[in-house]
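Data first, discussion second: the structure below is written as structure tokens.
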Amino acid sequence: MRIPLLDLGEQYRALSEEIRAATDEVLSSQRFILGPKLTEFENAVAEYCGAPHAIGVSSGTDALLAVLMALEIGLGDAVITTEYSFFATGGCIARVGATPVFIDIEPDTYNISATALRRYIEKFCHRVDGKLENENQQTIVALVPVHLFGLCCDMNAMRAVAREHNLILIEDAAQAIGAQFPLENGSAKAGTIGDVGCFSFYPSKNLGAAGDAGLVVCRNEQFADRLRICRQHGMEARYQHQFIGGNFRLDELQAAILKVKLPHLNSWSAARREAARFYTNEFQRLGLEKKIKLPVEPYARSSLTNHHIYHQYVVRLPRRDELRQHLADREIETAIYYPLALHEQPCFEYLGYKPGDFPEAERAARESLALPIYPEISREAQQYVVNCIAEFFS
Ligand SMILES: Cc1ncc(COP(=O)(O)O)c(C=O)c1O
């Protein structure tokens, strides 16, 4: 039985008529850039997320890049982020000329550790003229937590640190659209808890386009306007460039497709959560939770529906590579997110980190394994995955 990591075929078949009608409409109109479909989609996402403003952009990477550029973050600045994420998180910080400062993760959630963050600030930073400066005389201007695998970071802690040190709080919510976080007075969705949130609609994401696409949400109207200018090369009036931006536009075809898909996002996330529950229950029933570390659900008791949206179902174990091979031999596809922690990437060698600086992220890179999960995965397929894992340990 061949089990892919992700299969979007069924999702497309269910919506193909609607998607074709939406793309036909765009093709008939011959309006491809900054048209009505984009506005409709932006309004729909803003409403879905509970965000005052939504700005469609060309990818999740460009969402991060446009935000950093619009904030004029650059040379001499440092931006704190997690050590364990997709490359784009650190890459965009470096691309604008700022220095990424990596922080280790919590071993159970894989998200940035608030304890490690506070320790870094206490040990290496001091205040100069009201600004936070690190040991390399760089001004720390922003904090970019990543909600990895569909689970929000401890945003109470992130908000407290950002407030205390006057940092801009940019959520990399690329993997977490719709994920909820419990606040003292209610809850909020990923991307809307800090100052600005970035989403990716890469095809494999919970809400996936038919190509590259992304979006930024924010509270501040002026900043939203600035982002709209930034995504058009910093151009406000025609051919008048106020500042240097880029071509970060989300096109009409992608916006039209995403608009068709958005109303289904909650049911897809619920189906992913049910699939995750099945894995977890089965692993526990077979006593395998002692052999493989299962995902945690820290906000499950908060009565939030989307407390985890399981973009990935990631387990960890010391014999990860052996298990991966065992599953591959049985036609079960798995993935490693991520085989290298960010400071281990060759391109970040210049930052001067060394092996052992981030023990939890380094261990996660050696031990984590993502199992097949998608809304339409059958219980039969999942049972086969569980049985093959049980066989590995027998
Ligand atoms: C955490 C994270 N940040 C940023 C990105 C970049 O998004 P995109 O691939 O749409 O550029 C991704 C996508 O893979 C991601 O997972």
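The analysis underlying the following values was restricted to heavy atoms, covering all of them including side chains, and did not include hydrogens, waters or symmetry mates. As the structure lists them, so they are numbered: ligands from 1, and atoms in each ligand from 1. Note that the numbering runs from 1 along the sequence shown for the chain.
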Please list, chain by chain and in numerical order, all residues satisfying side chain to side chain donor-acceptor pair (under 3.5 Å) with Thr23, sequence neighbours excluded. none
State yes or no: are the ring centers of His326 and Phe392 separated by less than 6.0 Å? yes
Looking at Tyr384, I'd like to know if the NZ or CZ of Arg330 sits under 6.0 Å from its six-membered ring centre while staying within 45 degrees of the ring's axis. no
So, using side-chain contact (heavy atoms from CB on, under 4.5 Å) as the criterion, who are the partners of Ala209 when residues are at least two apart? Phe201, Ala213, Gln254, Leu258
Polar pairs, ligand 1 vs protein, N/O only, below 3.5 Å.
| from | atom 1 | to | atom 2 | distance (Å) |
| --- | --- | --- | --- | --- |
| ligand 1 | 3 (N) | Asp172 | OD1 | 3.2 |
| ligand 1 | 3 (N) | Asp172 | OD2 | 2.8 |
| ligand 1 | 7 (O) | Thr61 | N | 3.4 |
| ligand 1 | 7 (O) | Ser200 | OG | 3.4 |
| ligand 1 | 10 (O) | Gly60 | N | 2.8 |
| ligand 1 | 10 (O) | Ser200 | OG | 2.7 |
| ligand 1 | 11 (O) | Gly60 | N | 3.4 |
| ligand 1 | 11 (O) | Thr61 | N | 2.8 |
| ligand 1 | 11 (O) | Thr61 | OG1 | 2.5 |
| ligand 1 | 14 (O) | Lys205 | NZ | 2.8 |
| ligand 1 | 16 (O) | Gln175 | NE2 | 2.8 |

What pairs of residues pass the ring pair (Phe, Tyr, Trp, His ring centres under 6.0 Å) test when at least one of them lies in residues 135-181, not counting sequence neighbours? Tyr110-Phe149, Phe181-Tyr299
Please check if the distance between the ring centroids of Tyr374 and Tyr313 is under 6.0 Å. no
